[in-house]
J.: 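Dropping a structure here in structure tokens format, bear with me for questions.
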Amino acid sequence: MNATVTYYYSLISPYAWFGHAAIRQVARECGATLVHRPIRIFELFDANGGLPLGKRAPARQRYRLIELQRWRARRGLPLNLKPRFWPVDIALADRCLIALVEAGHDPSDYADAAFRALWAQDQDLADPQVIAALLGSQGFDAQLVMAQAAEDVVEAIYARNTAEAIAADLPGLPGYVLNGEPFWGQDRIDDLRDALLSGRAPYRVDPA
């Protein structure tokens, strides 16, 4: 099929964790290339109308906890509703994803390990030692990757990825873009799969 799905996410998102294995499976099943684009989630919120958790109405904050439990059960994945280290400065962990991509590596397994560390194992993804251990567990040279992650070029890519996600009209994360059509949320992965398998034309805001 040779389709390309651009995958926008951040390790700070529990819903990105829920969707990570699922989007990888769909890409394999459909013969699609998955292009990883970590972004700054709060800049996306600012631009496209989302709110950080602490600024949401109390009812929305409570409802989120119900939804997380539903999806935890549906996906069969471990998730602490209130992780010990969250909110967390996720920038270094996310930039390591970008550094891996730029070096020609598939960052999927590191991302999986990092998601699990934050959302299931109460590890601090702002701690360089934790990140180094995660990289090492996936066979990467942790010090090299982290040094690359600190470079200005990676920061520029982080900003560019974020601008692209904003331009794609994604209100939040995770987000997937296929032929210019945005799919927001891991609960839209089945819709994305259908689009890949059918080969249909992408839906547009102003259909022809």
Side-chain angles (χ1 to χ4, degrees), residues 1-50 67-68 70-72 74-77 79 90 93-116 119 154 156-208:
M1 186 177 294
N2 297 320
T4 296
V5 176
T6 307
Y7 174 23
Y8 296 101
Y9 65 106
S10 170
L11 296 168
I12 203 171
S13 168
Y15 288 107
W17 163 225
F18 284 148
H20 187 64
I23 190 60
R24 295 176 70 186
Q25 175 59 35
V26 164
R28 287 192 294 267
E29 177 186 350
C30 298
T33 299
L34 198 59
V35 179
H36 293 249
R37 293 286 186 263
I39 78 160
R40 294 186 179 279
I41 190 172
F42 298 115
E43 292 181 15
L44 177 68
F45 285 165
D46 286 344
N48 287 355
E67 278 286 276
L68 288 175
R70 288 182 182 134
W71 281 103
R72 178 174 63 185
R74 184 176 300 185
R75 294 293 190 198
L77 291 170
L79 179 123
I90 207 69
D94 274 355
R95 289 201 309 266
C96 284
L97 288 164
I98 296 170
L100 290 172
V101 171
E102 290 304 294
H105 300 300
D106 182 349
S108 297
D109 289 340
Y110 161 69
D112 184 83
F115 276 129
R116 191 176 298 272
W119 290 106
V154 168
I157 294 169
Y158 205 13
R160 185 180 71 210
N161 290 350
T162 304
E164 289 177 359
I166 292 168
D169 287 341
L170 292 170
L173 298 179
Y176 319 98
V177 177
L178 172 65
N179 296 327
E181 180 182 343
F183 296 78
W184 170 36
Q186 58 92 30
D187 55 343
R188 291 294 177 265
I189 291 175
D190 286 345
D191 292 332
L192 173 61
R193 176 182 178 275
D194 290 345
L196 284 165
L197 291 175
S198 70
R200 64 163 175 79
Y203 295 138
R204 303 296 189 197
V205 174
D206 296 312

J.: Would you check if the side chain of Asn161 reaches a backbone N or O of Pro38 as a donor-acceptor pair within less than 3.5 Å?
T.: yes

J.: Salt bridge check, Arg40 against Asp46: does any charged N sit closer than 4.0 Å to a carboxylate O?
T.: no

J.: Under 4.5 Å between any side-chain heavy atoms of Asp94 and Ile12, yes or no?
T.: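 The answer is no, as the side chains (C-beta and beyond) never meet within the 4.5 Å cut-off.
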
J.: Please name all residues satisfying ring-ring contact (aromatic ring centres under 6.0 Å, His included) with His36, sequence neighbours left out, ordered by chain then number.
T.: Tyr7, Tyr9

J.: Specify the closest pair of heavy atoms between Leu79 and Arg72, including all atoms of both residues, with the distance to one decimal.
T.: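 In this case the closest contact between Leu79 and Arg72 is O-NH1, 2.8 Å.
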
J.: Any chance you could measure Arg116, atom CZ, to Leu77, atom CG, to the nearest 0.5 Å?
T.: 6.5 Å

J.: Is there side-chain contact between Val5 and Leu196, with at least one heavy-atom pair below 4.5 Å?
T.: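 When only atoms from C-beta onward are counted, Leu196 and Val5 do touch, with a gap below 4.5 Å.
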
J.: Tell me which pairs pass side-chain hydrogen bond (donor to acceptor under 3.5 Å, both in side chains) where either residue lies in residues 182-192, with sequence neighbours left out.
T.: Arg75-Gln186

J.: Rounded to the nearest 0.5 Å, how far does CG of Leu44 lie from CG of Leu173?
T.: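 Those atoms lie 5.5 Å apart.
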
J.: Kindly give the heavy-atom pair with the smallest separation between Arg37 and Thr6, and that separation in Å.
T.: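 Closest pair (atom of Arg37, atom of Thr6, distance): CG-CG2, 3.5 Å.
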
J.: Under 3.5 Å, side chain of Tyr110 to main-chain N/O of Ala93, donor-acceptor pair present?
T.: yes

J.: Could you pull out the closest heavy-atom pair between Leu34 and Ala27, with the gap in Å?
T.: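 Looking at all heavy atoms of both residues, the closest pair is CB-CB, 4.3 Å.
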
J.: Evaluate the side-chain proximity of Ile189 to Phe183: yes if any heavy-atom separation is below 4.5 Å, no if none is.
T.: no

J.: Kindly indicate whether the side chain of Leu178, heavy atoms from C-beta on, has any atom under 4.5 Å from the side chain of Pro202.
T.: no

J.: Flag the pair Arg74 / Phe18 as yes when at least one side-chain heavy-atom distance between them is below 4.5 Å, and no otherwise.
T.: no

J.: Answer whether the closest heavy-atom distance between the side chains of Leu68 and Pro14 falls below 4.5 Å.
T.: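 Side chain of Leu68 against side chain of Pro14, heavy atoms only: contact under 4.5 Å found.
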
J.: Is any side-chain heavy atom of Arg24 closer than 4.5 Å to a side-chain heavy atom of Asp109?
T.: yes

J.: Does a side-chain heavy-atom distance below 4.5 Å link Leu97 with Leu11?
T.: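 Yes - at least one pair of side-chain heavy atoms lies under 4.5 Å apart.
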
J.: Is the side chain of His105 donor-acceptor paired with the backbone N or O of Ala99 at a distance under 3.5 Å, no angle test?
T.: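 No: the side chain of His105 does not pair with the backbone of Ala99.
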
